[in-house]
J.: 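Okay, here's the structure, questions in a sec.
In listed order, ligands and their atoms are each counted from 1. Numbering starts at 1 and runs along the sequence shown. Below, each value reflects all heavy atoms present in this structure, side chains not excepted, and no hydrogens, waters or symmetry copies.
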Amino acid sequence: MGQVEKTKVVVLSGAGISAESGLGTFRDSGGLWEKYDLRTVATPEGWARNPELVLEFYNARRQQAAAAEPNLAHRALARLQEHFEVVIVTQNVDDLHERAGSTQVIHLHGKLREAKSSVEPIEVRDIGDRDILIGDLCKHGSQLRPNIVWFGEMIENFDLAKKHVREAGHFLVVGTSLQVFPAAGLATLSPNTADKVLVALDIDLEPRGFSIREGKATQEVPAIIDTWLAGKRLSGPRYSV
Ligand code: NAD
């Protein structure tokens, strides 16, 4: 007898899932993002103008992420792997999904723990929690930069992410304002039959076909996971017409 295929659960996560681990979102007040102007720290133009400031910003974020712990939402998603095939597509640059135990994590916007050459972008290296400093060079002699996708740069792994979303049986979108494209476009790609749910603290956009859960990720995500683990859906089945 052939093995029964596990239902695929795809999760699209954003900064909000890491907020309760102490990592600020774009919108939080008093956070790092308020102290620095996005155009100076998250664009190629900002890097060309002031690389010291850009490195200082990401060094601070890397230290902050290293000190943070995965929260109940990250951990609940890892638990789901026991019974489902789980693919996490994240806009986050922290590694909290991996540290919670999730094994299939696709990063769209890069990783804080990696550096790359500023001229040979394929030369990527793991730097752990270490700072990147002016004078740290790639093997071709060019300055290293964070392996982060800045505004105006090409998103990573997008075709792979689209493929997984199109195959989703269950689709959870969590902690994202769905305002940063093209990543936000993934929310529209899951099959009509998928059980879809959107979790965020404040929801302005309600994509079609989603159950809406306005609340904290650490409360909403474990409850959703329990529903799916019990073999139930959050919404009735939807069929294409
Ligand atoms: P965003 O800042 O635009 O939106 C955050 C969303 O999270 C909002 O919808 C908000 O309602 C929700 N939220 C806040 N706290 C929450 C909580 N406790 N529980 C549930 N939801 C909560 O974030 P975005 O859509 O991910 O886009 C921002 C970009 O910023 C991404 O490209 C990402 O790379 C980057 N970013 C990453 C991190 C990180 O890696 N931890 C942190 C900040 C920003």
Side-chain angles (χ1 to χ4, degrees), residues 11-44 46 54 57-77 88-100 102 105-114 129 146-158 161 172-188 197-207 210-225:
V11 179
L12 173 63
S13 69
I17 197 168
S18 296
E20 290 166 83
S21 292
L23 304 182
T25 68
F26 273 167
R27 281 162 184 69
D28 284 324
S29 56
L32 272 177
W33 295 99
E34 243 179 25
K35 230 172 87 193
Y36 295 86
D37 173 4
L38 265 186
R39 281 161 306 189
T40 61
V41 296
T43 61
V54 175
F57 174 72
Y58 286 102
N59 288 341
R61 296 198 59 214
R62 192 175 306 105
Q63 294 309 324
Q64 213 184 42
E69 291 293 334
N71 63 43
L72 290 176
H74 299 105
R75 293 193 197 284
L77 293 174
I88 302 200
V89 177
T90 189
Q91 298 169 81
N92 293 347
V93 293
D94 65 55
D95 62 345
L96 295 179
H97 284 300
E98 288 93 336
R99 281 164 53 205
S102 287
V105 186
I106 298 172
H107 285 265
L108 298 174
H109 293 162
K111 297 180 187 176
L112 280 171
R113 293 168 65 88
E114 288 179 352
D129 303 339
N147 186 22
I148 301 289
V149 177
W150 289 326
F151 290 99
E153 294 187 320
M154 190 90 121
I155 193 167
E156 290 175 353
N157 303 315
F158 198 47
L172 166 63
V173 177
V174 52
T176 170
S177 57
L178 295 175
Q179 282 175 21
V180 179
F181 280 85
L186 291 170
T188 62
V197 56
L198 171 64
V199 175
L201 218 45
D202 303 300
I203 297 180
D204 310 321
L205 287 173
E206 296 196 7
F210 279 75
S211 307
I212 302 296
R213 301 286 170 100
E214 212 164 27
K216 288 184 175 178
T218 55
Q219 284 169 6
E220 300 299 332
V221 174
I224 291 164
I225 297 317

J.: Applying side chain to side chain contact (heavy atoms under 4.5 Å, CB included), can you list everything that pairs with A200, at least two apart in sequence or on another chain?
T.: I203
J.: Relative to the ring of H74, is the ring of H97 parallel (under 30°), tilted (30 to 60°) or perpendicular (over 60°)?
T.: perpendicular
J.: Once side chain to side chain contact (heavy atoms under 4.5 Å, CB included) is applied, do any residues pair with E98, and if so which ones, sequence neighbours excluded?
T.: D95, V105, H107
J.: I'd like to know if the side chain of Q63 and the backbone of D129 have a donor-acceptor N/O pair within less than 3.5 Å.
T.: yes
J.: Going by the rule side chain to side chain contact (heavy atoms under 4.5 Å, CB included), which residues pair with A183 if we only count those two or more places apart in sequence or in a different chain?
T.: Q91, L108, H109, I155
J.: Answer yes or no: is there a donor N or O on one side and an acceptor on the other, between the side chain of E20 and the main chain of T218, under 3.5 Å?
T.: yes
J.: Under a strict 4.0 Å criterion on non-hydrogen atoms, which protein residues are in contact with ligand 1?
T.: G14, A15, G16, S18, A19, E20, G24, T25, F26, R27, W33, R61, Q91, N92, V93, D94, H109, G175, T176, S177, V180, A200, L201, D202, G215, K216, A217
